[in-house]
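Model, not experiment: these values are computed from the prediction.
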Amino acid sequence: MRDIIHLNEGWKFVKQDVGLPEIYPIDWSDVDLPHTWNAVDGHDGNGSYDRGSYWYAKRFATPAQPLAGGRVYVEILAAGQQASVYVNGEKAAYHEGGYSIFRADITDLCKDDEENLLVVNCSNEYKDSVYPQSADFTFYGGLYRGVNIISVPNTHFDLDYYGGCGLTVTPAPDGQGGAVFDLKAYVTNPDENFTVLYSVCDRDGREVASAVRPADDSAVKLYVGNVNLWGIDDPYLYTVTAVLQRRNEAYDEVSVRAGVRTFACTPTEGFVLNGVQTPLRGVSRHQDQLYKGNALSREDHYLDAALIKELGANTIRLAHYQHSQDFYDACDELGFIIWAEIPFISVFNKDPAAHENCISQMKELITQNYNHPSICFWGISNEILIGGISQKLVDNHKELNELCHKMDPTRLTTIAHVSMTPIDSPMHEITDVISYNHYFGWYGGKMEDNGPWLDHFHEEHPDLCLGMSEYGCEGVITNHGPNPACKDYSEEYQALYHEHMAEVFDERPWLWSTHVWNMFDFGCAARNEGGVAGRNNKGLMTMDRKTKKDAYYIYQAYWTTKPMVHICGRRYAQRAGETTQVRVYSNQPSVSLYLNGKCLETKTEKKVFVFTVALEEGQNILLAKAGDVMDSITLEKVEKEPEIYVLPEVNERAEGVANWFQSIGDMDLKAPMEFPEGKWNVRCTMEEMASCPEALEIVSKAVKLATNFTIKPGEGMWDMMKTMAPESLVSMASGMIPEGFLESLNAKLIQINKE
């Protein structure tokens with residue numbers, strides 16, 4: 001039988017590219033796995049993070065081999081982003097892609113009855129052929145999910161094919177109350193003496209079906225009567241086991257959990273689970289936590305899943321790469337519908353080697369996660385049209401889509417389009433369903449634009465299943481004010497934005513899915529906005545998982561049935577003025593608000609209850625009652641609110657835009673834009689203008705004023721944005737800058753010669 005040895009304790013690590021050591025390096029630092037060298041600098045706000053090529057070392061004993069011809073494998077659960085594996089000085093494996101399992105047969109490299117030296121070189125340096133190329137998150141380096149040694153007999157369930165477990169389970173209801181389990185085992189080195197014993201056990205461990213097949217022809221169908229369906233509210237899991245037997249002896253064994261469900265998407269009904277219309281409403285999730293980076297424990301993953309379940313979400317988009325098996329397991333157990341994807345994101349590389357990396361990562365994603373019932377969608381790319389479209393890009397997407405259907409005809413494919421993707425783009429005809437990343441009300445336009453845009457697309461393409469794969473805005477829990485506005489980074493504006501979005505989606509059940517960007521704040525070392533550098537602060541919760549922002553509770557009010565009530569603004573604790581607005585979220589029909597023990601008012605509304613309150617001098621206790629549930633906060637009436645509530649950059653940005661216009665002079669800002677030959681203009685790309693310091697300086701200032709992004713060649717998100725023109729970048733902020741801003745920028749640029 002196989003033996004799995006966890007090699008997670010007692011590693012040596014050196015944060016230098018010292019090369020392959022000849023002996024065990026006792027002078028390196030001591031670390032345990034999971035480990036990343038970017039646990040702090042990946043999001044600490046210093047503007048960059050260490051992208052290097054560093055070394056791990058571990059001693060291990062050769063596992064005992066009771067049977068002749070046994071094999072030994074090393075299993076790396078993930079290594080960011082490229083890794084080379086050595087055993088006793090010999091190279092055992094090289095792997096590209098930072099998020100998936102890979103293995104190597106190291107039998108012939110191990111020493112009998114002696115300790116062996118395992119060395120892994122990890123690199124999160126940029127590599128032209130490896131995705132992600134550039135994206136709005138930190139690419140953490142290291143052995144951040146653990147390492148195993150697996151000992152198996154010479155004949156065993158396959159360990160060599162793209163990190164899979166050697167067993168696939170495809171259950172399907174028969175429409176008569178039962179289900180057929182289509183099982184397929186993959187056995188290495190079988191002969192006529194080997195058979196595979198299959199069994200299906202229910203939730204309580206009782207066997208409900210079994211069969212035996214030859215190991216060289218091991219596909220089989222098992223029938224389970226009176227089957228329990230896997231669903232969101234009751235995620236019933238069966239355990240399927242395959243035992244490889246040689247006469248009276250068990251040689252190897254693998255088990256997976258499986259769920260029986262049907263699902264589909266239609267343009268009019270959206271998502272349908274087990275025959276019931278079930279609009280998918282949920283969140284996206286990145287895998288990192290504060291000062292842990294992506295080196296998470298199983299308990300960390302399960303905590304994230306529990307917090308999302310408490311929110312009331314029924315779907316999670318796992319962005320933008322393969323996540324840990326621990327998290328997929330948690331999703332199976334808790335009943336989430338999962339969108340799983342590869343890191344084909346933002347920047348399209350025409351190099352054939354980069355496309356092969358996409359194919360490899362997709363094969364790993366599907367092979368390693370085929371048996372998870374929570375996964376219903378394979379995502380093939382995210383915002384890939386940032387750099388424009390080409391026939392090669394379209395063809396590569398078609399190939400990826402066909403690969404998904406060939407490897408897994410049971411699931412649907414999807415894609416996340418960047419907001420600027422045209423409504424009539426040829427990209428809409430590739431995947432089974434589509435989604436858009438829209439930030440109207442944050443990066444451009446107004447939040448009120450979302451509903452009309454969705455309705456217009458639906459009218460133009462009544463045959464397409466449409467979803468919203470990303471939407472959101474930044475909310476920093478120290479930023480507050482009585483008049484929340486876009487780009488003030490306040491918790492209040494974030495809450496108002498999500499109030500609106502929750503209502504928009506509630507009114508459109510035909511949207512097959514919507515995913516908040518993001519469930520948790522996450523690391524993006526290049527960012528510096530909102531007073532919290534190094535992170536994307538669009539999360540409904542803080543990166544340390546300690547604080548639920550007010551926006552969290554509007555979704556709980558919409559998505560949960562357990563009675564709840566929440567008073568917003570508890571961190572906006574000191575307030576000036578004769579009156580103040582108090583917002584309350586609840587899934588109950590009416591809410592009563594009390595001030596210092598006296599009932600002020602009872603309101604009957606849908607989810608959002610707004611009260612105008614005249615605070616008394618000093619501290620005030622506010623209590624909200626909704627049926628049997630209640631919530632209270634304490635507010636203080638003050639003469640002047642703390643300066644920390646308002647970011648200096650909010651006022652500075654407004655003044656900067658005003659100063660920009662003052663420098664234009666008497667120009668007619670409504671005049672048509674001109675594009676004289678040989679001059680720079682707003683339709684030239686950032687990369688093109690990098691050759692002219694004067695033009696780049698003007699454009700960088702304009703982009704900073706319009707979007708609050710700092711654009712510098714080779715820094716931050718330059719690789720992601722360099723192919724964009726100022727016209728499209730500034731248009732992202734169209735609802736937040738005065739009319740004529742783009743025209744004034746163009747007027748400055750056309751004064752500069754290209755030569």
Side-chain angles (χ1 to χ4, degrees), residues 279-285 307-317 438-442 446-448 450-451 454 468 470-477 479-481 484-486 488-509 511 513-521 537-542 545 547-572 581-591 593 603-611 622 624-627 629-633:
L280 296 181
R281 301 293 179 259
V283 298
S284 296
R285 183 242 189 190
L307 289 167
I308 298 172
K309 194 69 176 181
E310 181 186 344
L311 176 70
N314 60 16
T315 181
I316 309 173
R317 180 185 175 208
H438 278 316
Y439 290 91
F440 303 136
W442 186 248
K446 305 181 296 294
M447 67 175 79
E448 292 81 8
N450 285 280
L454 293 167
M468 186 85 103
E470 289 182 26
Y471 67 98
C473 67
E474 306 253 338
V476 177
I477 61 175
N479 298 340
H480 304 285
C486 183
D488 68 2
Y489 298 89
S490 70
E491 189 174 8
E492 283 72 33
Y493 180 77
Q494 185 191 39
L496 285 175
Y497 171 92
H498 284 291
E499 283 179 26
H500 179 77
M501 299 305 292
E503 183 177 24
V504 165
F505 299 141
D506 190 58
E507 293 171 348
R508 293 165 176 81
L511 289 167
S513 72
T514 64
H515 295 93
V516 177
W517 191 260
N518 197 277
M519 177 62 191
F520 308 105
D521 295 344
N537 302 298
K538 294 185 183 71
L540 301 179
M541 291 185 65
T542 52
R545 279 55 169 173
T547 304
K548 299 180 178 74
K549 304 177 190 179
D550 283 336
Y552 177 100
Y553 293 95
I554 187 59
Y555 290 108
Q556 195 174 66
Y558 269 92
W559 296 344
T560 63
T561 56
K562 181 181 178 181
M564 59 79 61
V565 64
H566 171 79
I567 306 176
C568 298
R570 63 200 59 216
R571 284 167 286 277
Y572 183 17
Q581 189 180 87
V582 176
R583 306 178 81 81
V584 180
Y585 300 151
S586 179
N587 56 11
Q588 300 302 289
S590 65
V591 171
L593 187 68
K603 285 182 174 286
T604 300
E605 301 288 352
K606 179 185 176 182
K607 313 301 182 186
V608 181
F609 304 78
V610 182
F611 300 87
L622 288 165
K625 289 185 179 181
V629 292
M630 58 189 70
D631 186 31
S632 71
I633 66 172

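A donor-acceptor pair under 3.5 Å links the side-chain atoms of T542 to the main chain of T547, judged by distance alone. Remark: side-chain polar atoms of K549 are not paired, donor with acceptor, to backbone N or O of I477 under 3.5 angstrom. Q556 places a side-chain N or O within 3.5 Å of a backbone atom of E310 that can act as its donor or acceptor partner. Between the R508 side chain and the V504 main chain, a donor and an acceptor come within less than 3.5 Å of each other. With S586 contributing its side chain and M564 its backbone, the two residues share a donor-acceptor pair below 3.5 Å. Judged purely by atom type and a 3.5 angstrom limit, E474 uses its side chain to pair as donor or acceptor with the backbone of N537. For D550 (side chain) and E492 (main-chain N/O), no donor-acceptor pair under 3.5 Å exists by modelled atom type. In this structure, H500 contributes its side chain and M447 its backbone to a donor-acceptor pair below 3.5 Å. Between the side chain of D631 and the backbone N or O of A624 there is no donor-acceptor pair closer than 3.5 Å. No donor-acceptor pair closer than 3.5 Å links the side chain of E491 to the backbone N or O of G475.
Contact check on E503 versus K607 returns no salt bridge, with no Lys/Arg side-chain nitrogen under 4.0 Å from an Asp/Glu carboxylate oxygen.
A heavy-atom distance below 4.5 Å is not found between the side chains of I316 and M519. Between V584 and E605, the closest side-chain pair of non-hydrogen atoms is not below 4.5 Å. Proximity of K548 to L307: side-chain heavy atoms (C-beta onward) are separated by under 4.5 Å at one or more points. Residues V591 and Q588 are not in side-chain contact: their nearest non-hydrogen atoms beyond the backbone lie 4.5 Å or more apart. Considering only heavy atoms from C-beta on, V565 stays 4.5 Å or farther from K625 through its side chain. Looking only at side-chain heavy atoms (C-beta outward), Y553 and C568 stay at 4.5 Å or farther from each other. With contacts defined as side-chain heavy-atom distances shorter than 4.5 Å, the pair R281/L511 qualifies. The shortest side-chain heavy-atom distance between R317 and L280 does not fall under the 4.5 Å cut-off.
Under the rule for a ring-ring contact (aromatic ring centres under 6.0 Å, His included), Y497 has no partner lying at least two apart in sequence or in another chain. Taking N314 as the reference, nothing meets the side chain to side chain donor-acceptor pair (under 3.5 Å) condition, with sequence neighbours excluded. Not counting sequence neighbours, the partners of H515 by the ring-ring contact (aromatic ring centres under 6.0 Å, His included) test are W339.
If you run ring pair (Phe, Tyr, Trp, His ring centres under 6.0 Å) between F505 and each of Y555, Y558, Y471, only Y471 comes through.
Atom OH of Y489 is separated from atom CD of Q494 by 12.5 Å, given to the nearest 0.5 angstrom. In this structure, CG on N479 lies 7.5 Å from CG on D488, to the nearest 0.5 angstrom.
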Trace of the side chain to side chain contact (heavy atoms under 4.5 Å, CB included) decision for C473 with Y439
CA-CA 7 Å; C473 67; Y439 290 91; over 6 Å; no

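In this structure, Y585 and A557 approach most closely via the heavy-atom pair CB-CB, 4.4 Å.
Classification of the Y572-H480 ring pair by plane angle, with boundaries at 30° and 60°, yields parallel.
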